[in-house]
Amino acid sequence: MKSTEPRAWQRMLSGRRLNLLDPSPLDIEVEDIAHGLARVARWNGQTIGDNAFSVAEHSLLVEELARRLKPDLPPHWCLVVLLHDAPEYVIGDMISPFKTVMGGSYKEIEARLQGAIHLRFGLPAETPKTVKTLAKRADMISAYFEAVELAGFDDREAGRLFGRPRGFDDGPQGAPRLGLAPLPPAEAQARFLARFTEIEQARATQTPRR
């Protein structure tokens with residue numbers, strides 16, 4: 001007999017079934033996260049190039065920027081930053097205006113997933129305010145560069161929305177540039193997994209510091 005209850009789980013390519021209402025850390029695999037994030041488009045896909053700029057690439061960029069802002073960032077906090085958008089491998093990348101329309105339900109589901117992801121990889125359930133602030137700053141810097149280099153914003157508009165980063169080389173039009181280029185999904189996925197492995201190896205050889 002067909003079940004009348006609405007399905008609240010998603011089957012992953014790993015074979016795991018992740019319940020969105022009550023996510024278990026046991027059903028979370030980094031390979032699924034990397035695969036999903038590499039195929040989720042930032043900016044609703046409204047970026048230049050033959051490939052979308054994926055959340056996997058964004059995550060790598062934010063973690064790199066966080067280390068640029070704080071070179072002595074311990075590996076476990078690097079991993080927290082790398083995984084800051086990890087729930088989007090399940091729920092997708094909702095643009096900020098749509099999150100406002102959705103209200104609290106979206107945030108509740110996102111928080112549950114983030115908590116389960118942290119448990120899965122042995123990360124603290126609560127992220128210190130200093131690390132949250134660092135991740136948010138790196139995220140805003142990333143948003144500026146993505147907006148200007150990929151999403152059609154001019155420097156003035158991006159600066160007004162995200163803040164104009166300092167300490168970066170200026171491009172030909174006078175605005176800071178990083179030279180971003182959207183990658184094919186398979187390459188973005190591989191790079192995300194490679195960075196995850198690097199951080200995990202560093203964590204294994206270093207005593208965690210809070």
Side-chain angles (χ1 to χ4, degrees), residues 10-20 22-42 53-93 109-142 146 178 180-210:
Q10 178 178 346
R11 186 190 187 282
M12 304 298 171
L13 285 178
S14 65
R16 300 290 190 184
R17 292 189 179 191
L18 184 63
N19 187 324
L20 299 185
D22 186 22
S24 168
L26 298 176
D27 291 325
I28 293 170
E29 302 290 351
V30 69
E31 290 81 7
D32 292 331
I33 293 174
H35 183 95
L37 294 185
R39 289 159 178 79
V40 175
R42 290 272 293 170
F53 188 78
S54 69
V55 176
E57 291 176 80
H58 166 77
S59 299
L60 288 164
L61 177 57
V62 171
E63 194 262 337
E64 179 183 341
L65 290 168
R67 285 186 286 114
R68 177 166 177 164
L69 295 169
K70 187 173 175 55
D72 62 344
L73 189 66
H76 60 292
W77 295 137
C78 288
L79 188 57
V80 166
V81 177
L82 182 68
L83 297 173
H84 77 283
D85 278 339
E88 294 180 7
Y89 89 104
V90 180
I91 57 181
D93 181 26
I109 294 172
E110 185 179 46
R112 286 195 205 107
L113 285 166
Q114 192 73 70
I117 289 165
H118 277 209
L119 283 173
R120 170 64 178 84
F121 300 114
L123 297 169
E126 290 293 326
T127 302
K129 184 177 179 180
T130 53
V131 178
K132 288 182 179 179
T133 300
L134 174 67
K136 184 62 178 177
R137 185 181 173 196
D139 191 63
M140 294 295 281
I141 294 172
S142 177
E146 293 172 32
L178 287 181
L180 301 180
L183 299 172
E187 185 174 349
Q189 178 178 344
R191 291 191 185 188
F192 185 94
L193 285 172
R195 181 59 188 149
F196 176 89
T197 300
E198 287 177 357
I199 296 174
E200 285 291 74
Q201 289 173 345
R203 289 178 71 197
T205 59
Q206 189 174 91
T207 302
R209 289 181 294 155
R210 305 244 176 184

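If you read the sequence from its start, that first residue is 1, and numbering goes on from there. Here the structure is a predicted model, which is why all the values come from computation and not from measurement.
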*Asks:* Cut-off 3.5 Å, side chains only: do D85 and S59 have a donor facing an acceptor?
*Replies:* no

*Asks:* With a 4.5 Å heavy-atom cut-off, do H84 and K132 have their side chains touching?
*Replies:* no

*Asks:* How many angstroms lie between atom CD1 of I199 and atom CG of L83, to the nearest 0.5 angstrom?
*Replies:* 7.5 Å

*Asks:* List for me each residue that meets side-chain hydrogen bond (donor to acceptor under 3.5 Å, both in side chains) alongside R120, sequence neighbours excluded, and say none if there are none.
*Replies:* E29

*Asks:* Provide the closest heavy-atom pair for E57 versus P182 in the form atom of the first, atom of the second, distance.
*Replies:* OE1-CA, 3.6 Å

*Asks:* List the atom of P75, the atom of Q206, and the distance in Å for their closest heavy-atom pair.
*Replies:* CD-OE1, 2.6 Å

*Asks:* Taking everything shown except E64 itself, do over 12 heavy atoms lie less than 6.0 Å from its CD?
*Replies:* no

*Asks:* What's the separation between atom CD in E31 and atom CG in L193, rounded to the nearest 0.5 Å?
*Replies:* 6.0 Å

*Asks:* Please report the interatomic distance CG(L60) to CG(L183), rounded to the nearest 0.5 Å.
*Replies:* 9.0 Å

*Asks:* Going by heavy atoms in the side chains, are Y89 and H35 under 4.5 Å from each other?
*Replies:* no

*Asks:* Tell me which pairs pass ring-ring contact (aromatic ring centres under 6.0 Å, His included) where either residue lies in residues 111-133, with sequence neighbours left out.
*Replies:* F121-F196

*Asks:* How far apart are the closest heavy atoms of A38 and S54, and which atoms are they?
*Replies:* O-CB, 3.5 Å

*Asks:* Salt bridge between R137 and D139, side-chain N to carboxylate O under 4.0 Å?
*Replies:* no

*Asks:* What are the two closest heavy atoms between L134 and A66, and how far apart are they?
*Replies:* CD1-O, 4.0 Å

*Asks:* On a heavy-atom basis, which atom in S142 and which in V62 lie closest, and how many Å separate them?
*Replies:* CB-CG2, 3.7 Å

*Asks:* Can you measure from CG (L69) to OG1 (T133) and round to the nearest 0.5 angstrom?
*Replies:* 12.0 Å

*Asks:* State the CG-CG distance between L61 and L178, to the nearest 0.5 angstrom.
*Replies:* 6.0 Å

*Asks:* Residues two or more places apart in sequence or in another chain: which of them pass side-chain hydrogen bond (donor to acceptor under 3.5 Å, both in side chains) with R68?
*Replies:* none

*Asks:* Got a sec, which residues hit side-chain contact (heavy atoms from CB on, under 4.5 Å) with A135, two or more places apart in sequence or on another chain?
*Replies:* V81

*Asks:* Is the shortest side-chain heavy-atom distance between V30 and E200 below 4.5 Å?
*Replies:* no

*Asks:* My understanding is that only residues two or more places apart in sequence, or in another chain, count here; which of them pass salt bridge (charged side-chain N to carboxylate O under 4.0 Å, His left out) with E63?
*Replies:* R67, R195

*Asks:* Checking V90 now: which residues fulfil side-chain contact (heavy atoms from CB on, under 4.5 Å) with it, not counting sequence neighbours?
*Replies:* Q10, M12, L18, L20, L113

*Asks:* If I take atom CD from residue Q114 and atom CG from residue L119, how far apart are they, to the nearest 0.5 angstrom?
*Replies:* 11.0 Å

*Asks:* Any non-hydrogen side-chain atom of D72 less than 4.5 Å from a side-chain atom of K70?
*Replies:* yes

*Asks:* Just so I know, are the side chains of E88 and L37 near enough to count as touching, which here means a heavy-atom distance under 4.5 Å?
*Replies:* yes

*Asks:* Any chance you could lay out the side-chain contact (heavy atoms from CB on, under 4.5 Å) test for F192 and V55, step after step, and finish with the verdict?
*Replies:* CA-CA 10 Å; F192 185 94; V55 176; over 6 Å; no

*Asks:* What pair of heavy atoms forms the shortest contact from R203 to G122, and how long is it?
*Replies:* NH2-O, 3.2 Å

